[in-house]
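The analysis underlying the following values was restricted to heavy atoms, covering all of them including side chains, and did not include hydrogens, waters or symmetry mates.
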Amino acid sequence: MSETSKTTISIPVELKKELKKIAIDEETTLSGLILKMINESVELRNQKKD
């Protein structure tokens, strides 16, 4: 991946707890998990456009 940019978001506390659990299960960081989820979502959206 190329350059990165920091972004701050606010998410509900319970959602963050769930995401942390998933990250632990997948042996990654919360940031890594969120980035993966965003990339997957963008890929799906792009596939729908085709």
Checklist entry - Run the side-chain contact (heavy atoms from CB on, under 4.5 Å) check on Leu19 and Ile11 step by step: do they pass? => result CA-CA 10 Å; Leu19 291 171; Ile11 59 173; 4.0 Å; yes
Indicate every side-chain donor-acceptor pair of residues 29-36 with a distance under 3.5 Å to a residue at least two apart or in another chain.
unit_1, atom_1, unit_2, atom_2, d
Thr29, OG1, Gly32, N, 2.8
Lys36, NZ, Glu26, OE1, 3.3

Item to check | Common cluster, Met37/Val42, ILVMFWY with side-chain heavy-atom separation under 4.5 Å | outcome: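 Yes, Met37 and Val42 fall within the same hydrophobic cluster.
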Item to check | From CA spacing to verdict: side-chain contact (heavy atoms from CB on, under 4.5 Å), Glu18, Lys21 | outcome: CA-CA 5 Å; Glu18 288 298 314; Lys21 289 177 188 176; 3.7 Å; yes
Next on the checklist: With rounding to the nearest 0.5 angstrom, report the CG to OG distance, Leu15 to Ser10.
Outcome noted: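 So the CG of Leu15 and the OG of Ser10 are separated by 12.0 Å.
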Checklist entry - Within a reach of under 6.0 Å around CD of Glu40, are more than 12 heavy atoms found that belong to other residues, nucleotides or ligands? => result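 Enclosed.
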